[in-house]
*Asks:* 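Questions regarding the structure given below will be posed in turn.
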Amino acid sequence: MPEIKMYTRRFNFYYRDFRALTNIDMDIEKNKVTALIGPSGCGKSTFLRSLNRMNDIIPGTKVEGTIVLGEQNIYEKNVDVVDLRRRVGMVFQKSNPFPKSIFDNVAYGLRINGERNRSLLAQRVEKSLKDSALWEEVHDRLHHSAMDLSGGQQQRLCIARALAVQPEVILMDEPASALDPIATQKIEELIFDLKKAYTIVIVTHNMQQAARVSDYTGFFYLGELVEFGETDQIFTNPKLKKTEDYVTGRFG
Amino acid sequence: MKKTKSIANLLPRRFREKAIEHFFLFNGLVAVVILLGIFSLLFIEGFPAIKEVGLKEFFLNNRWDPTSPERESYGLLAMIVSTMMVTIGALVIAVPLGIASAAYLADVANPKMREVVKPVIEILAGIPSVVIGFLGIIVVGPLIAKLFRISNGLNAINGSLLLAVMSLPTIISISEDAIISVPQEFKNASLALGANRWQTLIRVTLPSAMSGIIASVMLGMGRAIGETMTVLMACGNAPAMPHSFFDSVRTMTATIAIELGETVQGGLHYHALFVIAFVLFLMTFLVNLVSDMVLQKYQKVNR
């Protein structure tokens with residue numbers, strides 16, 4: 001029996017009067033990679049950002065339905081958003097390291113939690129950088145600016161930064177779309193390793209990427225979750241014509 | 001045929017490029033030439049006084065009394081201390097207030113609020129210094145006197161308060177521009193790591209905007225240190241060494257403004273006033289230089 005880490009039931013999302021997501025039911029399995037695919041504007045990024053309530057910072061948004069993490073509905077009134085975001089980390093499309101040193105970037109999440117112990121910080125920074133496969137490249141210049149890293153390195157730094165607070169779930173919003181093929185491959189290998197310890201949800205525009213890295217795939221179209229299932233099934237034997245058309249590149 | 005045509009086309013364009021380049025070079029040089037001109041003017045006009053009185057008198061004597069019938073004194077120390085007191089006092093008040101207001105406008109206030117408040121603050125910058133001086137004499141001065149139970153409200157703290165008000169618009173406006181141009185991505189990253197808005201502001205947004213904030217403080221300080229009329233009116237004009245912020249003071253700028261019209265042109269007193277101006281010039285130059293160096297060092301890591 002697979003363990004479900006997060007699930008959504010009849011989840012609706014509105015930007016003012018516009019309904020961006022309609023009745024989304026999805027189970028996100030623990031220690032698996034779930035890919036969200038679909039054409040631009042289909043709501044997959046909105047859905048991803050709903051999972052750690054990053055949409056809260058956009059004024060005029062409204063939600064209905066439930067999203068449950070563990071046993072807690074994350075949209076309940078008494079939920080501490082700050083705490084939620086520590087449990088559900090996020091990596092963005094455009095790598096966005098802070099204009100600080102590499103070390104300070106990774107240590108950021110720990111420091112805002114009040115962690116001051118230097119040796120513990122150093123340990124966790126090292127572990128995070130190793131887990132994100134960046135340690136070998138940066139261990140001798142931890143106190144240089146993160147802005148001097150290449151695009152791919154910056155994105156892995158952002159992953160390290162998210163790992164440092166030891167989240168349970170990691171959300172990735174097209175993490176490799178701005179990277180060259182080699183850097184993309186590194187990120188994909190990384191995702192494969194990370195799922196041993198984390199539950200990962202990834203938005204991607206790249207069909208091959210979804211097919212390569214994910215265990216489950218959800219196809220979004222016009223704000224609805226059209227089809228959701230094991231990645232193999234979605235790509236080789238989709239139930240719906242719409243899904244087949246999209247994954248075979250007939251529209252998109 | 002074809003070749004000659006292409007060369008003919010090439011030449012004017014290359015010439016045009018060069019001309020534009022020279023035009024910008026010229027404009028850049030004008031600023032440098034003016035700066036050097038002012039520098040040398042002050043030095044040349046001040047030099048006779050330095051030669052006659054000596055640097056020791058200027059910098060170690062704290063009595064300024066060039067018209068004394070018995071013994072003329074040319075000590076700048078009291079004035080330098082007064083200027084620094086008033087300026088630093090102003091910054092101590094204006095910098096935290098200015099950065100906080102800027103952060104509020106850029107990060108907290110809703111857009112409507114910002115649209116109203118920012119222009120109002122910028123209008124504040126346009127108030128003539130004489131008017132601020134009036135305010136100091138009839139409102140702030142008496143208030144200080146009452147509040148601290150002293151006889152004279154025209155003193156250093158009065159000047160600091162007024163200069164703080166005058167440098168606030170500069171600090172707020174430029175800092176706000178810097179803070180608002182911090183990319184949303186930085187804030188998103190911070191929020192996604194579980195930081196609250198306050199932590200995001202203090203640890204990410206403000207440090208990212210630091211170069212603009214420091215520039216704003218420098219410009220505000222420039223305004224405060226060079227301001228003449230307000231401090232002349234509101235600080236009490238006592239050319240003696242101040243012992244506290246409640247003493248009346250006379251700044252370097254005020255001294256020049258008061259005395260230059262009454263000196264014999266070419267006389268010792270006249271040249272001595274240029275020494276004051278020269279020292280003031282060096283002080284602002286030094287402040288700018290140091291802040292530039294601090295900024296460069298800061299930006300090496302936090303870029």
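Letters go in sequence order (proteins before strands), and every chain restarts at 1.
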*Asks:* Answer yes or no: does atom OH of A:Tyr15 have more than 12 heavy-atom neighbours from other residues, nucleotides or ligands under 6.0 Å?
*Replies:*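 Yes, enclosed.
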*Asks:* Looking at CD1 of B:Ile202 and CD1 of A:Ile112, how far apart are the two atoms once the value is rounded to the nearest 0.5 Å?
*Replies:*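 With rounding to 0.5 Å, CD1 (B:Ile202) is 13.5 Å from CD1 (A:Ile112).
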*Asks:* Is a donor on one side and an acceptor on the other found under 3.5 Å between the side chain of A:Asn96 and the backbone of B:Phe186?
*Replies:*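 A pair under 3.5 Å: no.
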*Asks:* Verify the neighbour count for atom CG of A:Asp17: are there more than 12 heavy atoms of other residues, nucleotides or ligands below 6.0 Å?
*Replies:*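 For A:Asp17, atom CG is not crowded (no more than 12 foreign heavy atoms under 6.0 Å).
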*Asks:* For the side chain of A:Lys100 and the backbone of B:Pro207, is there at least one donor-acceptor N/O pair under 3.5 Å apart?
*Replies:*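 The answer is no, because no donor-acceptor pair under 3.5 Å joins these two groups.
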*Asks:* Side chain, backbone, both or neither: which part of A:Arg161 has an atom under 4.5 Å from a heavy atom of chain B?
*Replies:*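 Answer is both: backbone and side chain atoms of A:Arg161 are under 4.5 Å from chain B.
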*Asks:* With a 4.5 angstrom heavy-atom cut-off, is it the side chain or the backbone of A:Pro167 that approaches chain B, or both, or neither?
*Replies:*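 It is neither, since no heavy atom gets under 4.5 Å.
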*Asks:* Below 4.5 Å from any heavy atom of chain B, which atoms of A:Arg111 appear? Answer side chain, backbone, both or neither.
*Replies:*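 Answer is both: backbone and side chain atoms of A:Arg111 are under 4.5 Å from chain B.
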*Asks:* B:Leu193 versus A:Arg85: any side-chain heavy-atom pair under 4.5 Å?
*Replies:*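 No, their side chains stay 4.5 Å or more apart.
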*Asks:* Distance check, rounded to the nearest 0.5 Å: B:Gln184 atom CD versus A:Lys94 atom NZ?
*Replies:*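 These two atoms lie 11.0 Å from each other.
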*Asks:* So does A:Phe192 have more than 12 non-hydrogen atoms from other groups sitting under 6.0 Å from CZ?
*Replies:*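 Atom CZ in A:Phe192 is not packed in, count stays at 12 or less.
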*Asks:* Do B:Asn188 and A:Ile57 come close enough that some side-chain heavy atom pair is under 4.5 Å?
*Replies:*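 Yes, their side chains come closer than 4.5 Å.
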*Asks:* Taking all non-hydrogen atoms of both residues into account, name the closest pair between A:Val82 and B:Gly194 and its distance.
*Replies:*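 Nearest pair, atom of A:Val82 first, then B:Gly194: CG1-O, 2.8 Å.
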*Asks:* For a side chain to side chain contact (heavy atoms under 4.5 Å, CB included) check, start with the C-alpha distance between A:Phe98 and B:Ser208, then their side-chain angles and the critical distance, and finish with the verdict.
*Replies:* CA-CA 8 Å; A:Phe98 301 127; B:Ser208 305; over 6 Å; no
*Asks:* Is there a side-chain contact between A:Tyr108 and B:Arg203 in this structure, where contact means two heavy atoms from C-beta onward sitting under 4.5 Å apart?
*Replies:*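 Yes, their side chains come closer than 4.5 Å.
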